[in-house]
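Have a look at the structure below, then the notes.
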2 protein chains.
Amino acid sequence: MNETQSEAAPQKATVTQRAIERIKAMIAEGRLEPGQRLPTERDLAAQLGMSRSSMREAIRALTVLGVLEARHGSGIYVTQLEAGDLLETFGVVADLSRGPRLVELLEVRRILESTATALAAARITEDQLAEVEKHLTAMNGTDDPEEIIAHDLAFHREIAAAAGNETMAAILEGLSSRTFRARVWRGYQEEGAFARTRREHAAIHRALLAHDPEAARAAAAAHVGEVEQWLRTQLSE
Amino acid sequence: MNETQSEAAPQKATVTQRAIERIKAMIAEGRLEPGQRLPTERDLAAQLGMSRSSMREAIRALTVLGVLEARHGSGIYVTQLEAGDLLETFGVVADLSRGPRLVELLEVRRILESTATALAAARITEDQLAEVEKHLTAMNGTDDPEEIIAHDLAFHREIAAAAGNETMAAILEGLSSRTFRARVWRGYQEEGAFARTRREHAAIHRALLAHDPEAARAAAAAHVGEVEQWLRTQLSE
DNA sequence: TGGACGTAGTGGTCCGACCACCTGGCTGGT
DNA sequence: ACCAGCCAGGTGGTCGGACCACTACGTCCA
C-alpha cells in the first residue's frame with residue numbers, strides 16, 4: 001500500500017529478513033495491536049510480494065521471539081507483548097552459556113536479585129508473604145533434588161513478583177531457567193551447601209517479614225554471591 | 001543416528017519446534033562447538049527425518065536468536081555464542097515496549113548502569129578513559145540530535161565495557177537500542193534537558209576520573225533516574 | 001608461477017500439493 | 001424454539017521438488 005517513504009536500507013539481504021523487519025515495524029508503529037489477528041500466511045506473503053515459504057520463516061522467527069503466536073487452524077496473532085512473552089528467549093542465553101559467562105550471568109543476577117528483594121521487602125503483601133513461606137517450608141521438607149529446585153525457583157519467583165517490576169521478574173526468570181540452575185546446583189549441593197542455602201533463605205525471609213529493604217538486599221546479594229564465588233573457584237581449577 | 005535414548009517429551013507439537021530443541025541440545029551438550037560448521041540443510045533434514053522446509057524454519061529461528069549463522073553458498077555455522085550474539089534480540093524487547101513497560105526497562109537500566117559505572121570507576125584504564133572523554137567532548141560539540149544520540153550511546157557503551165562484564169554490557173546495549181532511545185529522547189530534549197544531561201555526564205566522568213565507585217554509582221543512577229522520572233510523569237498525563 | 005575460469009555444492013526462494021486442526025454454520029432431532 | 005451433533009471451509013503445518021544466487025576450490029591456461 002504505502003511504499004512511499006521506504007527506509008534508507010530496505011534491502012535486508014534476504015527476503016525473509018525484510019519480512020521480519022516489516023512485521024516488527026507494523027507492531028512498533030501501532031498498526032498491529034497486541035492480541036490482534038494477522039492476515040493469513042498466504043495473504044501476508046502476497047502483500048509483501050514473496051512466497052509463502054519465506055513468509056513462514058519470518059513468522060516462525062517472530063514466534064520464537066515471543067512476538068507472534070500461531071494457532072493451528074485458527075490464525076496468527078500478536079502476543080500481549082508482555083515482559084514474559086518477549087524475554088522467554090533470555091533463558092536460551094543461560095542454557096547455552098558456560099565457563100566465564102556463567103559467572104557473569106550470576107553477577108547480573110546478584111545485582112538484580114538483590115534490588116528486587118529489597119523492593120519486595122518494602123512492598124510485599126500478606127498474601128504474597130504467605131506464598132513465599134509456603135515454598136520455603138516445602139523446600140525444607142523434602143529430599144528430592146528436583147522438588148527442592150522447583151520450590152527454590154518458585155521462592156525467588158514470588159519475591160521477584162512482589163517487587164512490582166514485571167520486566168525485572170522476567171529477566172530473573174530467564175537467569176534461573178531450570179536447566180541452568182540444575183547444572184550449577186549439581187556440583188554445588190554435593191559440597192553440603194544445602195544447610196547454608198537454608199540459612200540464607202531464612203535470612204531473606206526474615207528481612208521480608210520485617211519489611212527491611214536493606215537487610216533484604218544484603219541477604220539476597222550474599223545468597224547469590226555464595227553460588228557465584230563457588231562457581232568462580234570451580235572455574236579456576 | 002542415536003535414536004535410542006529419546007527424551008521424555010520429544011513430541012514438541014510441531015516438527016520444526018523439535019528440530020530447534022534438538023539443535024539447541026546438541027550445542028548445550030557440546031556436540032557442536034562455537035564456530036563449527038553444521039551439516040547441510042538437506043543432510044540435517046534427512047538426519048532428523050523431516051523436510052528441508054521445516055528444517056529451514058528451525059535454522060532461521062536459531063539464526064534470529066543469534067545461535068546460528070547462515071552464510072550463503074558456504075554453510076551454516078554456530079556463532080561464537082558470546083553475550084553480544086545471544087543478547088542482540090534483547091533490543092527487540094526495548095523496541096516493542098511502550099507505556100509502563102518503558103519505565104520498567106529504564107528501572108532495570110538504572111540498576112545495571114549504576115553498578116556498571118561503579119565497577120568501571122574502579123577498573124577503567126587510561127586508554128578507556130580517553131575513549132570516554134572523546135565521546136563526551138564530541139557530544140558537547142555538536143547540535144545534530146542524531147550525532148548527539150550516537151555519541152551518548154558510545155559514551156555509556158565504553159563505560160559498560162570498562163566494567164569488565166560482557167554480559168552486562170550486552171544487556172545495557174539492548175536497553176539503549178537506537179530506536180528505543182530516539183523515541184524517549186524526542187520529547188525529553190524538547191524540555192531543555194540537554195544542559196542537565198551535560199551536567200550529569202560531567203559528574204559521571206568526574207567520578208570515573210577520580211576512580212570513585214560510590215560517586216560513579218550515584219551519578220549514573222541519578223542520570224538514568226532523571227529520564228525515568230520524566231517518563232513517569234509523561235505517562236500519568 | 002599465478003591469475004582467470006569453471007564447476008560442484010551450498011543456502012535462498014519459489015511453487016504446488018496435501019495433511020491436521022479449528023471454527024462457525026447447518027442440519028437434524030427433541 | 002432450542003440444542004446437540006455433524007460437516008465443510010479456511011487456517012496453519014508439512015512435504016517434495018525445482019530453480020536461483022552465491023561461495024569455495026580445483027583446474028587450466030598464459
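Computed from a prediction, not measured in an experiment: that's the story for all the values here. The figures here come from the full heavy-atom set of this structure, side chains too, leaving out hydrogens, waters and symmetry mates. Letters A, B, ... mirror the listed sequences (proteins, then strands); counts begin at 1.
Put simply, CD on A/Glu173 and CZ on A/Arg157 are 4.5 Å apart, with the number rounded to the nearest 0.5 Å. Atom-to-atom distance recorded for A/Arg22:CZ and A/Leu44:CG is 10.5 Å, nearest 0.5 angstrom.
Distances were taken from every side-chain heavy atom of A/Arg37 (C-beta onward) to each of D/dG12, D/dT11, C/dT10; the shortest belongs to D/dT11. Relative to the side chain of B/Val15, the nucleotides D/dT11, D/dT23, D/dT14 differ in distance, and D/dT14 lies closest. The side chain of B/Thr14 approaches D/dG13 more closely than any other nucleotide in the set D/dG13, C/dT10, D/dA21.
For D/dG12, the base has no donor-acceptor partner in the side chain of A/Arg60 [N/O atoms by modelled type, under 3.5 angstrom]. Side-chain N/O atoms of A/Arg42 and base N/O atoms of D/dG12 include a donor-acceptor pair closer than 3.5 Å.
Within a 6.0 Å sphere centred on CG of A/Asp144, other residues, nucleotides and ligands contribute more than 12 heavy atoms.
Rounded to an integer number of Å, the gap from A/Arg52 CZ to C/dC14 P is 14 Å. Counting to the nearest Å, the P atom of C/dT10 and the CE atom of B/Met55 are 15 Å from each other. We find that CZ of A/Arg56 is positioned 15 Å from P of C/dC14, with the value rounded to whole Å. Atom CD1 in B/Ile76 sits about 4 Å away from atom P in C/dG11, given to the nearest Å.
Remark: B/Ser51 is in phosphate contact with D/dC15, judged by side-chain N or O atoms under 4.0 Å from OP1 or OP2. Between B/Ser54 and the phosphate of D/dC15, there is a side-chain N or O to OP1/OP2 separation shorter than 4.0 Å.
Looking at heavy-atom distances under 4.0 Å, B/Arg71 makes contact with sugar-phosphate atoms alone, never a base. A/Thr40 comes within 4.0 angstrom of the backbone, heavy atoms only, and of no base.
Between B/Phe90 and A/Phe90, the angle of the ring planes goes over 60°, which puts this pair in the perpendicular group of the 30/60° scheme. Aromatic ring orientation, B/His135 versus B/His151: tilted (interplanar angle from 30° to 60°).
Sequence order on DNA chain D of the closest nucleotides to A/Ser53 and A/Ile59 puts A/Ile59 first from the 5' end.
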